[in-house]
Amino acid sequence: MTDSDLTDLTAARLVEGYRKGEFSPEEATRAVLERAERIQPEVNAFVRLLPEQALAQARESTDRWRRGEPRGLVDGVPTTVKDIILLRGAPTLKGSKTVSEQGGWAEDAPSVARLREHGAVFVGKTTTPEFGWKGVTDSPLSGVTRNPHDPARTAGGSSGGAAAAVALGAGPLALGTDGGGSVRIPAAFCGIFALKPTYGRVPLYPASAFGTLAHVGPMTRDAADAALLLDVIGTPDSRDWSALGPAPASFSAGLAGGVRGLRVAYSPTLGGQVAVRPAVAAAVRRGVERLAELGAYVTEADPDFADPVDAFHTLWFSGAARVTSQLGARQRESLDPGLKEVRAAGARYSALDYLAAVDVRMELGRRMGRFHESYDLLVTPTLPITAFEAGAEVPKGSGHRRWTGWTPFTYPFNMTQQPAATLPVGTDADGLPIGLQLVAARHRDDVVLRAAHALQETGISGGGS
């Protein structure tokens, strides 16, 4: 098998190949590192690659597989970590020149610790906007991350480097974070799968300045790999007091159930609140029709809520003010200009403003809880558009002021803490990927993954415009 073939394999297929002795973790890791180095000048997916560490881990994994003693579910699988998440032995700079590289960097975040326990190979840290504050990936520290399908376009964000790396074969497993769409946005723009799990399913430490909006989630080629990764990272960690208990069952084992009999609500525009491009609308509708063909009961129905963007801004901008609150005047001058604006807005909110936004969030959660008494799944477009010009927070001429203007389908479900995934369902006339979003009630990550897997088994992602 050629190096190119190895970089095209899913994590599940790599593990199968290791077990059968078809190839080794060392061979797969070398191929992934070579691919990462090759794509880096064009798309800028990595803050840093870790070839020496990765190859040492891969050699150890190769020895374990030769002895027939793999350490865990993803032993030897090349994996990337967003540079918001702690990885022992590598600086975590969060896209900011204000974070010093000095220090021991001696601790893994919970998700990384679980992956290390299962033998994963860490090939590098992927790019993020400064402190993960926006839905595209460019930062004062690492510059602009570009779309694998057209380098003139954005990869999305804030986990843009992770999405580009997966899409281009620079590691089949990636850890991203999602506070308002940050795994789903870049996954949709880059044509891969991503899941924002139920809040607390994947422990988070250190705690995010954006509070309980922030989730850690898998970014992969398909739902099967995401389920595998969630089986690894979705376990409790004492450092996160809000983490859930152990999952009731393996997410991988639950993939085969299909969608027959599921009650699916299809909301193409959230009740007319969102203008969706025709190519996006058509591709998502085809995905919904495929669910019906697979036996789901599909109804066109909208969740009963108005756009909660003002409340989200209060929560999000307050987080931006908090994450930058310890910076001196000179450090603040070096921040991304957009981040400077939102941190200033966040600093003006009062505690009463924040609690009023929490009230909006609670009501939104109540409404969605009631909605899911009638429907197992909600389907929407992931985004109303496809990828736009790189280096911009909003599409030129859109009239939007902030990134939330073009992401109305994503951030509401951070506010409600529900599981939400995106999968590719085709491309537009420019060959740019289109994403379909699946949302379920809290704690029903299994339903989201099962439905996504059923759709992907039909080959839906290969559709055109």
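Residues take their numbers from the sequence shown, with the count starting at 1. Bear in mind that the values here come from a model prediction, so they are computed numbers and not experimental data.
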Separation of R332 CZ from Q326 CD (nearest 0.5 Å): 10.5 Å
More than 12 heavy atoms of other groups within 6.0 Å of E16 CD: yes
All side chain to side chain donor-acceptor pair (under 3.5 Å) counterparts of Q40, not counting sequence neighbours: N44
Pairing residues for Y375 by the ring pair (Phe, Tyr, Trp, His ring centres under 6.0 Å) criterion, not counting sequence neighbours: F371
Pairs meeting criterion ring pair (Phe, Tyr, Trp, His ring centres under 6.0 Å) with involvement of residues 47-71, two or more places apart: Y18-W65
Interatomic distance, T128 atom OG1 to D83 atom CG [nearest 0.5 angstrom]: 7.5 Å
Verdict with supporting geometry, T324 and R343, side-chain hydrogen bond (donor to acceptor under 3.5 Å, both in side chains): CA-CA 7 Å; T324 57; R343 73 168 298 278; 2.7 Å; yes
N-O pairing of E393 and R402 below 4.0 Å: yes
Ring geometry between W406 and F388 (parallel below 30°, tilted from 30 to 60°, perpendicular above 60°): perpendicular
Other residues, nucleotides, ligands: >12 heavy atoms within 6.0 Å of K340 NZ: yes
Results of side chain to side chain donor-acceptor pair (under 3.5 Å) for R114 - residues two or more places apart only: E117, D237
Step-by-step side-chain contact (heavy atoms from CB on, under 4.5 Å) determination, H118 to V77: CA-CA 10 Å; H118 280 258; V77 177; over 6 Å; no
Those residues that, when tested against R263, pass side chain to side chain donor-acceptor pair (under 3.5 Å) (two or more places apart): D376
pair F251-R450: side-chain heavy atoms closer than 4.5 Å: no
Electrostatic pair R48:E101 at N-O distance under 4.0 angstrom: yes
Heavy-atom side-chain contact between V379 and L436 under 4.5 Å: yes
Test item: S61 side-chain N/O and G76 main-chain N/O as donor-acceptor pair under 3.5 Å: yes
Pair R146 + D150, salt bridge at N-O below 4.0 Å: no
Heavy-atom check, side chain of V15 versus side chain of L73, under 4.5 Å: no
Test item: K196 side-chain N/O and F413 main-chain N/O as donor-acceptor pair under 3.5 Å: yes
Full working for side-chain contact (heavy atoms from CB on, under 4.5 Å) between N147 and V43: CA-CA 6 Å; N147 193 291; V43 300; over 6 Å; no
T80 and K125, any side-chain heavy atoms less than 4.5 Å apart: no
Ionic contact status for E26 with R30, cut-off 4.0 Å: yes
Verdict with reasoning, M415 to L315, per side-chain contact (heavy atoms from CB on, under 4.5 Å): CA-CA 9 Å; M415 297 177 75; L315 301 171; 4.3 Å; yes
Heavy atoms of other groups near R67 CZ, more than 12 under 6.0 Å: yes
Qualifying ring pair (Phe, Tyr, Trp, His ring centres under 6.0 Å) pairs, either residue in residues 33-60, two or more places apart: none
Nearest heavy atoms of P236 and G245, plus distance in Å: CG-C, 3.8 Å
Salt bridge (charged side-chain N to carboxylate O under 4.0 Å, His left out) evaluation trace for R239 with E107: CA-CA 12 Å; R239 293 172 291 175; E107 191 170 21; 2.9 Å; yes
Shortest non-hydrogen contact between L455 and I460, atoms and distance: O-CG2, 3.3 Å
E457 and R290 ion-paired at < 4.0 Å: no
Residues that F210 engages under ring pair (Phe, Tyr, Trp, His ring centres under 6.0 Å), provided they are two or more places apart: W316
Non-neighbouring partners of H215 that pass ring pair (Phe, Tyr, Trp, His ring centres under 6.0 Å), sequence neighbours left out: Y199
Would you give me the side-chain donor-acceptor pairs under 3.5 Å for residues 160-181, sequence neighbours excluded?
| residue | atom | partner | partner atom | Å |
| --- | --- | --- | --- | --- |
| T177 | OG1 | K82 | NZ | 2.6 |
| D178 | OD1 | G180 | N | 3.4 |
| D178 | OD1 | G181 | N | 2.7 |
| D178 | OD1 | S182 | N | 3.2 |
| D178 | OD1 | R184 | NH2 | 3.0 |
| D178 | OD1 | N414 | ND2 | 3.0 |
| D178 | OD2 | S182 | N | 3.2 |
| D178 | OD2 | V183 | N | 3.1 |
| D178 | OD2 | R184 | NE | 3.0 |
| D178 | OD2 | R184 | NH2 | 3.4 |

Residue pairs involving residues 224-233 (criterion side chain to side chain donor-acceptor pair (under 3.5 Å); sequence neighbours excluded): D231-S250, D231-S252
Residue pair L383, Q437: steps toward the side-chain contact (heavy atoms from CB on, under 4.5 Å) verdict: CA-CA 8 Å; L383 297 164; Q437 180 174 238; over 6 Å; no
Where V448 and A421 come nearest, the two heavy atoms and their spacing: CG1-CB, 3.4 Å
Any side-chain heavy-atom pair of D138 and D336 under 4.5 Å: yes
Under the ring pair (Phe, Tyr, Trp, His ring centres under 6.0 Å) test, residues paired with Y411 that sit two or more places apart: F312
Results of side chain to side chain donor-acceptor pair (under 3.5 Å) for H149 - residues two or more places apart only: none
M368 vs L378 side-chain heavy atoms within contact, under 4.5 Å: yes
